[in-house]
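Here the structure comes first, spelled out in structure tokens, and everything after it is commentary.
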Amino acid sequence: MRAVYLTAHGGPEVLQYGELPDPQPGPGQVRVRLHYAALNHLDLWVRRGWPGLRLTYPHILGADGAGVVDAVGPGVDAAWVGRRVVLNPNIGCGRCAYCLAGQDNRCDHWQLLGETRAGTYADFVVVPERNVWPVPDGFDLAQAAAAALVFQTAWHSLITRGGLRPGEWVLVVGASGGVNTASIQIAKRAGARVIVVGSNARKLALARDLGADFGIDRSQTPRWHREVLRLTNGRGVDVVVDNVGTTFPLSFKAACKGGRILTVGNTGGPVFEIDNRYIFGKHLSILGSTMSPQTDFRTVMDLVFAGHLRAVVDRVFPLAEARAAHAYLEAGQQLGKVVLRIAAQA
Ligand code: ZN
């Protein structure tokens, strides 16, 4: 099969495009012929590497994908063959205490497509049967691939972990990334009022288009917490979605007493300083999570398929141009998801 893979860490130039053996589905697994893969910042981090990351080379990148089931392993219903599906990249073992409790994103043997096992930048990928979910006829597979990781992550963080309620104020720090564009839509759908902090007017226009009530341009308003307090009559927001990390000091100031700070990542870097007095003094809760359990994934994907939520696709590159796609994502000017086209639409 054709694949984009690594044999060493580094910049986009380490991505190689060539032939690798077709994977074969084992017991309980399905093989999917991929039509689209979607990029995540995770792909860039895996490509660059980090201390402790041990890949088996050649390593195929890519967490997100959608396509058509083309083969099944022993014990899997053959009726899957020919069905259009989206992949849940977050793979639990199905046997540990967390998996049995329906918390497979906390699995003791947790795996992630494109990080701990072969990913979606390829003609084929093999996953457990429970990690595929049907895509309705007529729904664009590029949209399905682009939605999977970011929507499950945003849904689990805001709804399941964050307990967002109608009428609450939500601040989203960052306007254009995949999780943030998903968070804006989910928060609006849940009946919240949404403020977005973005780095420029173009990104804020997208946020407004997705339903955000207020936008703050941090290039014009670097002390943006003051504007958040003004918009909320001095009270602050109930929930802050902060996946930048280094912005926590301002997020703490923008939160109301008893506010919840939600985080699923740290695009600004993993290590930063915070002033603990804000946490206890304002009764703040910091709620972290990664990905989602299967139930949240299926719930949010069905809302995407029904048209209530939409993945924002910025640009589609052919699989063979994965290096250019990585360079484009790394440049940070995209509005929404960057997608790889692998095969013709099914
Ligand atoms: Zn498990």
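Order of appearance sets the numbers: ligands from 1, and atoms from 1 within every ligand. Note that the structure is a prediction, hence the values are computed from the model and not measured.
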Using residues 301-311 as the side-chain source, report each donor-acceptor pair under 3.5 Å to any protein atom, sequence neighbours left out, with the distance given to one decimal.
{"from": "D302", "atom 1": "OD1", "to": "W133", "atom 2": "NE1", "distance (Å)": "3.0"}
{"from": "H308", "atom 1": "ND1", "to": "R189", "atom 2": "NH2", "distance (Å)": "3.3"}
{"from": "R310", "atom 1": "NH2", "to": "D209", "atom 2": "OD2", "distance (Å)": "3.2"}

Less than 3.5 Å apart, which donor and acceptor atoms pair up between the side chains of residues 315-335 and the rest of the protein, not counting sequence neighbours?
{"from": "R323", "atom 1": "NE", "to": "L15", "atom 2": "O", "distance (Å)": "2.8"}
{"from": "R323", "atom 1": "NH2", "to": "E13", "atom 2": "O", "distance (Å)": "3.0"}
{"from": "R323", "atom 1": "NH2", "to": "L15", "atom 2": "O", "distance (Å)": "3.0"}
{"from": "H326", "atom 1": "ND1", "to": "R47", "atom 2": "NH1", "distance (Å)": "3.0"}
{"from": "H326", "atom 1": "NE2", "to": "Y121", "atom 2": "OH", "distance (Å)": "3.0"}
{"from": "Y328", "atom 1": "OH", "to": "D314", "atom 2": "OD1", "distance (Å)": "2.7"}
{"from": "E330", "atom 1": "OE1", "to": "R47", "atom 2": "NH2", "distance (Å)": "3.4"}
{"from": "E330", "atom 1": "OE2", "to": "R47", "atom 2": "NH1", "distance (Å)": "3.4"}
{"from": "E330", "atom 1": "OE2", "to": "R47", "atom 2": "NH2", "distance (Å)": "2.6"}
{"from": "E330", "atom 1": "OE2", "to": "R48", "atom 2": "NE", "distance (Å)": "3.2"}
{"from": "E330", "atom 1": "OE2", "to": "R48", "atom 2": "NH2", "distance (Å)": "2.9"}

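A distance of 3.5 Å separates OG in S251 from CG in D242, rounded to the nearest 0.5 Å.
Side chain of T299 to backbone of T295: a donor-acceptor contact under 3.5 angstrom is found.
Listed by chain and number, C93 SG, C96 SG, C99 SG, C107 SG are the protein N/O/S atoms closer than 2.8 Å to the Zn ion (ligand 1), with waters left out.
Note that R31 lies in the cation-pi zone of F124, set by a 6.0 Å cut-off to the ring centre and a 45° limit from the axis.
Taking the salt bridge (Lys or Arg N to Asp or Glu O under 4.0 Å) definition, one finds that R218 meets it with nothing, sequence neighbours left out.
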